[in-house]
Amino acid sequence: MASASPESENTIKGGKVNLNQVDRNFVKELEKTPGGEDLRLCYQCGVCISSCPVSRFLSGYKPAQIVRMAVYGLKDELFASKNIWLCSTCYACLERCPEGVKPADIIRAIANLAFREGIIHIAFKEAATTILNTGRMFEVPEIRKKKREKVGLPKLPEVDVEEVKKLLKSTGLEERLSNARKVLGSSEPKKGE
Amino acid sequence: MKYAFFPGCLSPSRIPSYELATRRVAEKLGIELVDLEGANCCGYYLMAIDHLSAMALGVRDLSLAESLGLNILTICTGCFSTLTEVNNIYKENEEERKQVSRLLKEIGREYKGNVEVKHLAKVLLEDVGLEKIKESVTHPLEGLKVAIHPGCHLVRPSEHLHFGNPEDPDVLRDLVRATGAEVVEYPDEMACCGFVIFGVDREASLRIAGEKLRSIKSSEADIIVTFCGFCTLMFDRNQPIVERFLGEKYGIPVLLYPQLLGLAMGLKPEEVGIDENRVKPKVVLEMLKEE
């Protein structure tokens, strides 16, 4: 995969917020999204940053900063950033936050909202497409299925792919996946751009 | 002890040894595993892009187990945390329950909320018990130094899982000691392996894994033992990639816990899928040969 450009530059670095870039409804929208409920309780102590394995190696990635940017309503900047796709979901931040804020869940909620607006990272697009088409997150190669018997494993149960497809059509996932207008981390030309 | 067996997607596609070792060990301990026909991905990856889709997939799996009247035993830490979280939300949040029930009804299914999701580790500790596990050990691995790495999703988020300690690998410590092996400490035992972000930032992912492998190496452990397939990919299958990327050498084998227990029970290496290991656990195999 093509390596993405560094994205450490952001509006609140240096203490400046460009008011023209603020979406005042964003925080309310996030509070209504599962996982995003408690973001206003964050007082920026930074425990999440010091606990985060990703922050340790990517200086531009800071969970507390993502939460603060969301509170400020810097939606466009967040949606354009690779950062909202970089949570490793180790949940160390969520365990240690003194305010019971769940940075990992908030970041997930922000990514959910980005996807509603047609923005997704290629890694997630590919995984979701595999789930939609096979019912599994990783496809099981035919050779693996055949090899099972040889090592003494029973036949692998089949996924009911039709039921999975029906569910993901009803939730709107299928349509949103095919209509995604901006795919981060992808070097291919994107639909709608 | 009878469960609906949920291997998840990772083991069948990349790490069949996890399922193989689990089945062999389960037979010895009297755990009956019933295949869950038609089951799908737990929804973990979809949580990040569409909460409702993840809920729908997870609850569908729960409904399949419920129709068999069985609790779920999974070997995947990701499935364990996701299905448990989905189960809790479904039971506690009326609005989400209504929404997901409606979706399930469209495919002719229903979930009443009667399934408990257990990871193999939880079944071993809570249902089988340490005493029975110790009794099953015929080839104690005395002298083997083990660095333990449970896998984040085995214990976190603790508000949903209520299993073990989110800051300490206690759930794995007693189980490893039950095989006769010695547990050695190392810095940041509960830190992440980096696997999940491999597709988004490969370099950061490899650095996270390298940090961990380096600190395990410094503990002079002979092997790493884990309950997580993703961590196994990162620490074993990707170990040469991490070594090349960082210009370091670790040479530390990784065993999934049922592989370790299986060997201590006298199972042959091929019966627990040792041939799949990228870094061969020679130290354990030599030890067993000597006996």
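These numbers come from the heavy atoms of this one structure, side chains and all, not from hydrogens, waters or symmetry mates. Just so it is clear: chains get the letters A, B, ... in the order the sequence lines come, proteins before strands, and each one is counted from 1.
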**Steps toward side-chain contact (heavy atoms from CB on, under 4.5 Å) verdict (A:Thr130, B:Tyr45)** = CA-CA 11 Å; A:Thr130 306; B:Tyr45 229 69; over 6 Å; no
- Query: Between A:Phe124 and B:Val200, does a side-chain contact (heavy atoms from CB on, under 4.5 Å) hold up when you go through it step by step?
  - Reply: CA-CA 9 Å; A:Phe124 288 83; B:Val200 184; 4.0 Å; yes
Checklist entry - Step by step, would you call A:Asp160 with B:Asn40 a side-chain contact (heavy atoms from CB on, under 4.5 Å)? => result CA-CA 7 Å; A:Asp160 192 328; B:Asn40 49 259; over 6 Å; no
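Contacts between B:Gln99 and chain A at a heavy-atom distance below 4.5 Å are absent for every atom of the residue. Interface remark: B:Glu270 contributes no atoms to any contact with chain A (heavy atom separation under 4.5 Å). When heavy atoms are compared at a cutoff of 4.5 Å, B:Arg102 does not approach chain A at all. Heavy atoms closer than 4.5 Å to chain B are found in the side chain of A:Arg148, but not in its backbone. For B:Glu95, no part sits under 4.5 Å from any heavy atom of chain A, backbone or side chain. The part of A:Pro141 that comes within reach of chain B is its side chain, from C-beta onward, which places non-hydrogen atoms under 4.5 angstrom from that chain. For a residue to count as touching a neighbouring chain, one of its non-hydrogen atoms must lie under 4.5 Å from one of that chain's; by this rule B:Asp188 touches chain A with the side chain only. If you measure heavy-atom distances from A:Cys52 to chain B, you find no contacts under 4.5 Å at all. For A:Lys102, the part lying under 4.5 angstrom from a heavy atom of chain B is the side chain only. Contact annotation for B:Phe5: neither backbone nor side-chain heavy atoms come within less than 4.5 Å of a heavy atom of chain A. Of the two parts of B:Leu36, only the backbone, made up of N, CA, C and O, holds a non-hydrogen atom closer than 4.5 Å to a non-hydrogen atom of chain A. Both the backbone and the side chain of B:Ala56 have a heavy atom closer than 4.5 Å to some heavy atom of chain A.
Nearest heavy-atom pair, B:Ile197 versus A:Leu86, reported as atom, atom and distance to 0.1 Å: CG2-O, 3.1 Å. B:Glu37 and A:Glu158 get closest at one heavy-atom pair: OE1-N, 3.6 Å. In this structure, B:Ile49 and A:Ala128 approach most closely via the heavy-atom pair CD1-CB, 3.7 Å. Between B:Arg156 and A:Ala92, the shortest heavy-atom contact is NE-N, 3.9 Å. Scanning both residues, A:Ser170 and B:Leu103, for their nearest heavy atoms gives CB-CD2, 3.4 Å. Counting all heavy atoms, side chain and backbone alike, B:Cys41 lies closest to A:Arg136 at CB-CA, 4.0 Å.
A distance of 7.5 Å separates CG in A:Leu94 from OG in B:Ser158, rounded to the nearest 0.5 Å. Of the inter-residue distances, the one linking B:Ser11 atom OG with A:Phe138 atom CZ reads 11.5 Å to the nearest 0.5 angstrom. We find the CG-CG distance between A:Leu173 and B:Leu52 to be 9.5 Å, quoted to the nearest 0.5 Å.
Options B:Arg14, B:Arg23, B:Arg60 differ in how many heavy-atom pairs under 4.5 Å they form with chain A, and the most are formed by B:Arg60. Among the candidates A:Thr134, A:Leu58, A:Thr89, the residue making the largest number of heavy-atom pairs closer than 4.5 Å to chain B is A:Thr89. Counting heavy-atom pairs under 4.5 Å between each of A:Gly35, A:Gly172, A:Pro154, A:Ser51 and chain B puts A:Pro154 at the top. Interface remark: of the candidates B:Cys9, B:Gly43, B:Pro16, B:Cys9 forms the most heavy-atom pairs closer than 4.5 Å to chain A. Comparing A:Leu167, A:Val161, A:Ile110 by heavy-atom pairs within less than 4.5 Å of chain B, the highest count is held by A:Leu167. In terms of heavy-atom pairs under 4.5 Å with chain A, the best-connected choice from B:Ala204, B:Cys152, B:Pro157 is B:Pro157. With respect to chain A, the highest number of heavy-atom pairs below 4.5 Å among B:Met190, B:Arg202, B:Glu271, B:Arg207 belongs to B:Arg207. In terms of heavy-atom pairs under 4.5 angstrom with chain A, the leader among B:Arg24, B:Arg109, B:Glu203, B:Met55 is B:Arg109.
Using modelled atom types, no side-chain atom of B:His51 and backbone atom of A:Arg108 make a donor-acceptor pair closer than 3.5 Å. When atom types are taken as modelled, the side chain of A:Asn112 and the backbone of B:Ala48 share a donor-acceptor pair closer than 3.5 angstrom.
The neighbour count for B:Glu92 CD, taken as heavy atoms of other residues, nucleotides or ligands under 6.0 Å away, is above 12. Enclosure of atom NZ in B:Lys91 by more than 12 non-hydrogen atoms of other residues, nucleotides or ligands within 6.0 angstrom is indicated. More than 12 heavy atoms of other residues, nucleotides or ligands sit less than 6.0 Å from atom NZ of A:Lys145.
Counting heavy atoms from C-beta outward, B:Leu10 and A:Met137 have side chains that stay 4.5 Å or more apart. A heavy-atom distance below 4.5 Å is not found between the side chains of A:Trp85 and B:Asp201. Counting heavy atoms from C-beta outward, B:Asp50 and A:Arg176 have side chains that approach closer than 4.5 Å.
Looking only at atom types and distance, the side chain of B:Ser13 has no donor-acceptor partner in the side chain of A:Glu139 under 3.5 Å away. Remark: the A:Tyr91 side chain and the B:Ser81 side chain contain no N/O donor-acceptor pair separated by less than 3.5 Å.
Electrostatic pairing of B:Glu106 and A:Lys166 does not count as a salt bridge here, judged by no charged N lying under 4.0 Å from a carboxylate O.
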